[in-house]
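Before any comments, here is the structure.
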Amino acid sequence: MQSSSISRQTKLSLLKVFIENKKLRSGKSIHAQLIKAPTFDLIQTNHLINLYSKCGHPGVARKVFDTMPERNVVSGSALMAGYLHNGMPSQALHLIKEMSFEENFEHMNEYVFATALASCSEMRALEQGLQCHAYVLKSGLVFHSHVRNALLHMYFESLHMEDALRVYETVPGFDVFALNSMINGFVGSGRLNDAVDLVSGMGKEVELWDHVTYVAVLGLCAASKDLRLGWQIHDQILRRGIQFSVFVGSGIVDMYGKCGDIESARRAFVELSVKNVVSWTAVMAAFAQNGLFEEALKLFLEMGIDGVQPNEFTYAVLLNSCAGLSALKIGDALNAHAEKSGYKAHLVVGNALINMYSKSGSIEDARNAFGGMHQRDIISWNSIITGCSHHGLGREALEAFHDMLTEGEVPTYVTFVGVLLACGNLGLVDDGLYYLTNFMRDLGIQPGVEHYTCMVRLLCRAGQLDKAENFMTYTCTEWDIIAWRTLLSACQVHKYYNLGKRVAEHILQLYP
DNA sequence: TTAGGGTTAG
């Protein structure tokens, strides 16, 4: 094809088609022709930026951008979108700063701020998000639906629900994008009742729902373990003829799994016409969450036969299944497998390795896995603290607890179960009481029966059985058999036969 | 010409 024989209009049309279908090679041939052209064409060059951005080459898009003798706001916003969608949101924000300094730029438009706000969401850069918010309010850009939705999404995703709801109430217009962000925001912040109210109050408006809504609502059913709502939604998906995409399909599998209906989860999975690593991982997780660990591991073999490669979540599910079975050898093999495929460095895999080694009896390997992690979260700390405690390493558990505080991690309900277990191992009655009554209260964590049982165990270990009995009598909680059994066996060890007899009679009354 | 929402782990 001679370049001269193609009109400008045709070149533009071709470029659009190539961009839409991500035909990088074909698009490049147009680029070659444009380079040879005697005059610079702004609009065509903007298309080129868009081409490279959409085809996963933001670096090349940047080169085109840098060599332009003249640019406009579209050049910038196309490149920003390229950065954002190729995992470089910080570059997008950097670019908007550059753009604001350039004099020949027109004023920023709604495209620029929709992308900037989405970049803030992705980076969880609330500070810069607030700056964008201020600007779009002042300029009136907030009334563009894309900007408004990006703003809503930013607040909902960072779980700043009050700010999100304020935007929702003050800026008119409501569409499926806003709805989806809102459902996910409510679910993410644990406001399940609000989410259920929102969803069940929608009546006829369900016609507006799209794939993303269904995935979000299925996630809501899973989080609230609401199988009845789950059935309704599944039924609605079938009636409305919604396509069983891998997203919707995996959402259904996950919903049934989390609601404990493993048969329906299995059936939904089998019926999926397209399965990918997410659907496979979702069904394995469904089995594992319901205690069917061997089935989960078997599925891994079937997945391999199907030619699907595992990702970090797959390894996490499999390692946790090994933990459930105390299957150290398989766990070791999976560890090697994850290392070879480069997934070991992921946080979820590291956490699952700590859990697997700890539950399989190898606390040293668990500590090594913990020590080798590049990145840790509260799950990592809780896993290593409770792991050490369960293996009688009270000193090490408390050391880890203090390291965790030093690193600025905030303890949770689970953390204190590990800490109180550690106090039990070391016979630190006063420390235990201090954690239970002061430390937890200061953090606003309401102690539960697990903590109280640890306290009974601690008092028993220290030989203070009368205090333990008193503690159980005067602490208001739903005591279970574990706590009573702890006290009973302590009576045997410490030869408190009278108390033992009373406790035994009490247990017989409760569990005839 | 450019823009917004999604599944899987603990």
Side-chain angles (χ1 to χ4, degrees), chain A residues 12 15-16 19 41-51 53-54 72-82 84-85 92 109-119 121 141 144-154 156-157 175-185 209-219 222 245-255 257-258 276-286 288-289 310-321 323 343 346-356 377-383 412 414:
Chain A
L12 274 177
L15 261 177
K16 270 197 227 169
I19 290 165
D41 188 315
L42 178 61
I43 292 182
Q44 286 191 339
T45 314
N46 282 347
H47 271 105
L48 285 178
I49 294 179
N50 193 22
L51 169 78
S53 292
K54 291 261 165 72
N72 65 6
V73 71
V74 177
S75 332
S77 60
L79 181 56
M80 279 178 71
L84 170 63
H85 294 132
N109 66 7
E110 64 272 26
Y111 288 81
V112 172
F113 276 97
T115 312
L117 282 163
S119 305
S121 296
L141 289 173
H144 282 93
S145 66
H146 282 74
V147 174
R148 177 181 178 275
N149 286 337
L151 190 58
L152 277 176
H153 179 240
M154 184 192 73
F156 276 127
E157 203 188 50
D175 60 16
V176 71
F177 283 82
L179 170 67
N180 296 345
S181 300
M182 205 163 179
I183 298 172
N184 287 323
W209 291 13
D210 66 2
H211 283 211
V212 178
T213 320
Y214 282 105
V215 172
V217 174
L218 287 165
S245 65
V246 280
F247 288 120
V248 174
S250 306
I252 293 174
V253 171
D254 181 50
M255 179 275 290
K258 294 241 167 73
N276 69 357
V277 60
V278 177
S279 5
W280 278 99
T281 308
V283 74
M284 286 177 198
Q289 280 155 3
N311 68 11
E312 68 271 30
F313 291 108
T314 322
Y315 284 113
V317 174
L318 293 168
L319 286 165
N320 288 324
S321 301
Y343 285 109
H346 283 84
L347 183 63
V348 289
V349 178
N351 288 348
L353 280 169
I354 301 172
N355 185 34
M356 183 276 290
D377 67 358
I378 184 65
I379 306 288
S380 332
W381 290 103
N382 286 351
S383 303
T412 62
V414 178

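Below, chains carry the letters A, B, ... as their sequence lines are ordered, and counting in each starts from 1.
- Asp175(A) comes within contact range of at least one nucleobase, with a heavy-atom separation under 4.0 Å.
- Of the candidates dT2(B), dG6(B), dA9(B), the closest approach to any side-chain atom of Tyr111(A) belongs to dT2(B).
- Checking dT8(B), dG6(B), dT1(B) against the side-chain heavy atoms of Val212(A) singles out dG6(B) as nearest.
- Nucleic acid contact class of Leu84(A) (heavy atoms, under 4.0 Å, all strands): sugar-phosphate only.
- The side chain of Lys54(A) places an N or O atom within less than 4.0 Å of a non-bridging phosphate oxygen (OP1 or OP2) of dA3(B).
- Ala216(A) comes within 4.0 angstrom of no nucleic acid atom, judged by non-hydrogen atoms across all strands.
- Of the possible polar contacts, one joining the Asn109(A) side chain to the Val112(A) backbone as a donor-acceptor pair under 3.5 Å is found.
- You'll find that the side chain of Phe247(A) is closest to dG6(B), out of dT1(B), dT8(B), dG6(B).
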### Query
ring pair (Phe, Tyr, Trp, His ring centres under 6.0 Å) between His346(A) and Tyr343(A): does it pass, once the steps are laid out?
CA-CA 6 Å; His346(A) 283 84; Tyr343(A) 285 109; 5.5 Å; yes
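- Remark: ring of Phe313(A) not stacked against base of dT8(B); the cut-offs of centroid gap under 5.5 Å and plane tilt under 30° are not jointly satisfied.
- Using a 4.0 Å heavy-atom cutoff across all strands shown, Asn351(A) reaches no nucleic acid atom at all.
- Contact annotation for Val248(A): no contact, since no heavy-atom pair falls under 4.0 Å across all strands.
- Thr213(A) and Asn180(A) share a side-chain donor-acceptor pair at under 3.5 Å.
- With hydrogens and angles left out, the side-chain atoms of Ser380(A) and Asp377(A) include a donor and acceptor closer than 3.5 Å.
- Ala285(A) comes within 4.0 angstrom of sugar-phosphate atoms only, judged by non-hydrogen atoms across all strands, and of no base.
- For the residue pair Ser279(A)/Asn276(A), the side-chain donor-acceptor check at 3.5 Å is satisfied.
- When the side-chain nitrogen and oxygen atoms of Gln289(A) are compared with OP1 and OP2 of dA9(B), one or more of them lie within a distance under 4.0 Å.
- One finds no side-chain N or O of Lys16(A) lying less than 4.0 angstrom from the OP1 or OP2 phosphate oxygen of dT2(B).
- Counting any heavy atom pair closer than 4.0 Å across all strands shown, Asn382(A) reaches no nucleic acid atom.
- Of the candidates dA9(B), dG10(B), dG6(B), dG6(B) carries the atom nearest the Asn184(A) side chain, counting heavy atoms from C-beta on.
- Here His153(A) reaches the OP1 or OP2 of dG6(B): one of its side-chain N or O atoms lies under 4.0 Å away.
- The residue Asn320(A) sits close only to the backbone: its heavy atoms come under 4.0 Å of sugar-phosphate atoms, none of a base.
- Note on Val317(A): only backbone sugar-phosphate atoms sit closer than 4.0 angstrom, heavy atoms only; bases stay farther off.
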